[in-house]
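Here the structure is laid out as structure tokens; the discussion comes afterwards.
Just follow the structure's listing: the first ligand is 1, and inside any ligand the first atom is 1. What you see below is based on every heavy atom in this structure, not just the backbone, and it leaves out hydrogens, waters and symmetry mates.
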Amino acid sequence: MQTVNQLNTLRDQVSALRADGPVALVPTMGALHEGHLTLVKTALQHAAHVVVSIFVNPIQFGPNEDLDRYPRQLAQDAALLTEAGASLLWAPSVETMYPAGFATNIGVTGISDTLCGASRPGHFDGVCTVVAKLFNQVRPDLAFFGEKDWQQLTIIRQMARDLDFTQPAAVAIHGVPTVREPDGLALSSRNAYLTLEQRSQAVSLPNAMRSAIAALRCGVPVATAMHQLQAEILASGFSSVDYAELVSADSLTAINTLSDAPARLIVAARIGATRLIDNMEV
Ligand code: AMP
């Protein structure tokens with residue numbers, strides 16, 4: 001696997017790969033774990049070659065967020081990607097992605113303003129802008145994103161439709177189910193911030209979510225179940241809950257009564273200085 005950090009080299013290399021068949025893109029911010037590697041392995045089932053990008057995208061971080069301390073370990077990541085079967089690692093610098101004078105913003109209105117968008121203003125514009133750039137740089141046939149970031153996946157699907165990135169032109173967007181630790185905690189690069197004590201408390205998040213889903217399925221009213229869920233998360237050591245909501249899986253609008261329509265339980269909560277997110281099918 002080759003690591004590339006110049007745009008013209010990337011384009012040459014991807015053109016060569018495309019001669020063998022479809023090319024898939026897996027965008028990441030690095031500090032790779034089994035969740036990312038599962039995206040790569042799933043992509044390899046659909047494409048001849050997988051290009052992985054690693055770029056800690058400054059414009060998707062708010063002023064008081066963890067941009068500076070976000071884990072960076074390119075050499076280790078490259079070794080993991082080689083083992084997973086990726087063909088190319090695209091690791092541009094901030095200057096390559098955002099040269100002086102860069103002035104464009106891409107945003108999806110509505111669904112970017114709720115849930116994580118409410119507590120992280122501008123976050124999804126940063127995500128959309130970098131993903132649109134990555135799509136244009138790599139011009140993949142397919143792209144793979146984790147269901148772990150359900151709101152992000154929904155927004156990217158919308159952006160890809162709205163800006164004609166999707167079939168038949170290009171870039172079919174695939175969602176990949178969340179990969180979890182054996183105890184149920186969703187894998188995340190941010191889990192590395194947790195102390196041992198916080199790590200053992202953090203498992204209460206998926207546990208409480210599963211209990212809430214069981215309660216909803218038994219007919220407990222949505223408002224009651226969401227209240228219980230928040231209380232359980234807070235009682236287990238989390239300092240705050242940004243949101244804990246039952247939403248429509250497609251539109252992300254809040255649901256007050258369970259029906260046959262696809263629904264998702266979606267939560268963001270803080271433990272110490274670390275913000276964890278999770279979501280599950282209901
Ligand atoms: P990140 O590096 O956190 O920006 O994530 C890069 C991609 O990996 C995104 O599409 C995430 O949704 C996906 N991802 C992160 N964690 C997981 C996980 N535990 N399971 C599946 N996909 C994941």
F238 six-ring face occupied by R270 cation (under 6.0 Å, within 45°): no
Nearest protein heavy atom with distance in Å, relative to atom 20 (N) of ligand 1: V179 N, 2.9 Å
Distance from atom 5 (O) of ligand 1 to nearest protein heavy atom, with residue and atom: H36 NE2, 3.4 Å
Closest approach of any protein heavy atom to atom 12 (O) of ligand 1, naming residue and atom: D149 OD2, 2.6 Å
Protein residue, atom and distance nearest to atom 22 (N) of ligand 1, heavy-atom basis: G146 CA, 3.5 Å
M29, any N or O under 3.5 Å of ligand 1 N or O: yes
Charged N-O contact under 4.0 Å between R199 and D183: yes
Numbering as shown, the atoms of ligand 1 that approach F145 to under 4.0 Å (heavy-atom distance): 10 (O)
Pair R210-N207, side chain to side chain donor-acceptor pair (under 3.5 Å): steps then yes or no: CA-CA 5 Å; R210 268 195 296 273; N207 287 344; 3.0 Å; yes
Electrostatic pair D242-R275, nearest N-O below 4.0 angstrom: yes
T38 touching ligand 1 at heavy-atom level, < 4.0 angstrom: no
Under 4.0 Å to a heavy atom of T28 - the qualifying atoms of ligand 1, by number: 2 (O), 6 (C)
Which segment of A31 sits under 4.0 Å of ligand 1 when only heavy atoms are counted: neither
Aromatic ring pairing F135/F145, orientation class (parallel under 30°, perpendicular over 60°, tilted between): perpendicular
Shortest protein heavy-atom distance from atom 23 (C) of ligand 1, along with the residue and atom involved: K148 CB, 4.0 Å
H33 and ligand 1 - part of the residue with a heavy-atom distance under 4.0 Å: side chain
Contact (N/O only, under 3.5 Å) between A186 and ligand 1: no
Numbered atoms and elements of ligand 1 in range of L187, under 4.0 angstrom, heavy atoms: 16 (N), 17 (C), 18 (C), 19 (N)
Pair D66 + R190: basic N to acidic O under 4.0 Å: yes
Heavy atoms of other groups near N256 CG, more than 12 under 6.0 Å: no
Mutual orientation of the aromatic rings belonging to Y70 and Y193 [parallel < 30°, tilted 30-60°, perpendicular > 60°]: perpendicular
Greater than 12 external heavy atoms within 6.0 Å of E197's CD: no
Proximity of F61 and H123 rings by center, below 6.0 Å: no
Region of L39 engaging ligand 1 - heavy atom pairs below 4.0 Å: side chain
Closest approach of any protein heavy atom to atom 6 (C) of ligand 1, naming residue and atom: P27 O, 3.3 Å
CD (E281) with more than 12 external heavy atoms under 6.0 Å: no
Ligand-side contact atoms (ligand 1) for residue partner T178, heavy atom cut-off under 4.0 Å: 19 (N), 20 (N), 21 (C)
Atom indices of ligand 1, in the order listed, that fall short of 4.0 Å to a heavy atom of P177: 21 (C)
